[in-house]
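Start at 1 and go down the list; that is how both ligands and their atoms are numbered. One-based numbering along the sequence shown. Scope of the values below: all heavy atoms of this structure, side chains included, with no hydrogens, waters or symmetry mates.
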Amino acid sequence: MISLQDVNRYYEAGERSVHALDHVSLDIARHEFVAVVGPSGCGKSTLMHLIAGLDRPTGGEITVDGLSLTTADDAALTHFRRRQLGLVFQFFNLLPTMNVRENVSLPLLLQGVPIADAFARADELLRLVGLTNRATHFVHQLSGGEQQRTAIARALVHRPSLLIADEPTGNLDTASAARVLTLLRQIADEQLATLILVTHSAEVAAAASRLIEMRDGRIVSDRMVAL
Ligand code: ADP
């Protein structure tokens, strides 16, 4: 489903050029649950941004479900993201002028789903992440953990086939983290979605079926994990 062939990403930083991804090749099948680990600066976020079609490689080829993210035009990339992708990044990008229910509904509204249906589905997700009583609150009224769960609900609301999350349990207490992890897996199983998580958490990494370790822009280990 996801294929990276000899992908490079350089960043120009002043006089210096940073080789953030160094000849990365990788195939991820539908419904795999992949944890990506490695020290800060090793290229994890760069890899996630490329697979999400938010950034383009300096060299190499990336395809997702047959769509070349390297050559697709912006309209095709937008369509891909709206239909297929659920994203949870560290800064949750929730809209401050919308309440929690509206934020969570947004991916559906952008697809043209009628507002009543979108709100009903959003409320279902809010129940699953334990935020029913926050539906009409605004983002600034939420704790960090609640914002994170709102972002997770929004990432799942349109039943994406590919879910990419950067430290999805980073700000959560142990109980909330376990609940979010269970939820991510449950939704991934229901939809046969592919789950790619960047994590520093041993518990999250242990839940994955495949563990990819990165260092200095390269994949240094890639193995299946026995469940
Ligand atoms: P990680 O997510 O593993 O912490 P990143 O993918 O964020 O790593 O970064 C990989 C390398 O690329 C680091 O050396 C980082 O400093 C550099 N980098 C990331 N983004 C940029 C950018 N926009 N401009 C310049 N350098 C960057």
Side-chain angles (χ1 to χ4, degrees), residues 1-28 32-64 68-72 74 77-78 80-81 84-94 144-145 147-149 151-152 154-155 160 162-172 177 180-181 184 188 194-225:
M1 177 212 186
I2 299 169
S3 169
L4 284 83
Q5 293 292 328
D6 201 26
V7 168
N8 284 290
R9 179 69 171 96
Y10 292 92
Y11 290 113
E12 303 306 327
E15 311 257 289
R16 244 162 41 89
S17 170
V18 178
H19 203 174
L21 280 188
D22 187 357
H23 298 279
V24 169
S25 294
L26 177 67
D27 286 308
I28 298 174
E32 276 196 272
F33 176 3
V34 182
V36 180
V37 301
S40 179
C42 70
K44 304 181 297 295
S45 303
T46 302
L47 180 64
M48 295 307 111
H49 283 99
L50 288 173
I51 295 175
L54 294 168
D55 183 22
R56 293 183 199 253
T58 316
E61 177 62 24
I62 304 173
T63 57
V64 178
S68 165
L69 302 189
T70 326
T71 55
D74 288 343
L77 286 182
T78 301
F80 156 70
R81 285 199 300 268
Q84 280 177 263
L85 195 65
L87 277 181
V88 186
F89 283 138
Q90 274 165 331
F91 303 102
F92 314 119
N93 301 320
L94 298 170
Q147 290 185 31
Q148 188 155 22
R149 284 185 278 151
I152 287 167
R154 183 188 53 187
L162 172 58
L163 189 72
I164 295 179
D166 197 344
E167 290 286 353
T169 60
N171 292 324
L172 303 180
V180 161
L181 191 58
L184 290 174
T194 308
L195 198 52
I196 308 178
L197 305 185
V198 168
T199 188
H200 286 105
S201 151
E203 285 87 20
V204 176
S209 55
R210 178 174 173 186
L211 190 64
I212 293 178
E213 282 180 58
M214 296 184 65
R215 203 142 304 194
D216 299 329
R218 299 199 190 111
I219 293 176
V220 292
S221 158
D222 182 355
R223 60 197 158 87
M224 297 298 168
V225 182

> Taking the side chain as C-beta and beyond, is there a heavy-atom pair between Thr169 and Glu203 under 4.5 Å?
Replying inline: no
> Got a salt bridge between Asp166 and Lys44, using NZ or NE/NH1/NH2 to carboxylate O under 4.0 Å?
Replying inline: no
> What ring pair (Phe, Tyr, Trp, His ring centres under 6.0 Å) pairs are there with at least one residue in residues 35-54, not counting sequence neighbours?
Replying inline: His49-Phe89
> Counting only heavy atoms not in Arg218, do more than 12 fall under 6.0 Å of its CZ?
Replying inline: no
>> Would you compute the distance between atom CG of Leu69 and atom OG of Ser3 and round it to the nearest 0.5 angstrom?
In response: 10.5 Å
> Can you name the residues that come within less than 4.0 Å of ligand 1, going by heavy atoms only?
Replying inline: Tyr11, Val18, Ala20, Pro39, Ser40, Gly41, Cys42, Gly43, Lys44, Ser45, Thr46
> Donor-acceptor pair, Thr46 side chain versus Ala20 backbone, under 3.5 Å?
Replying inline: no
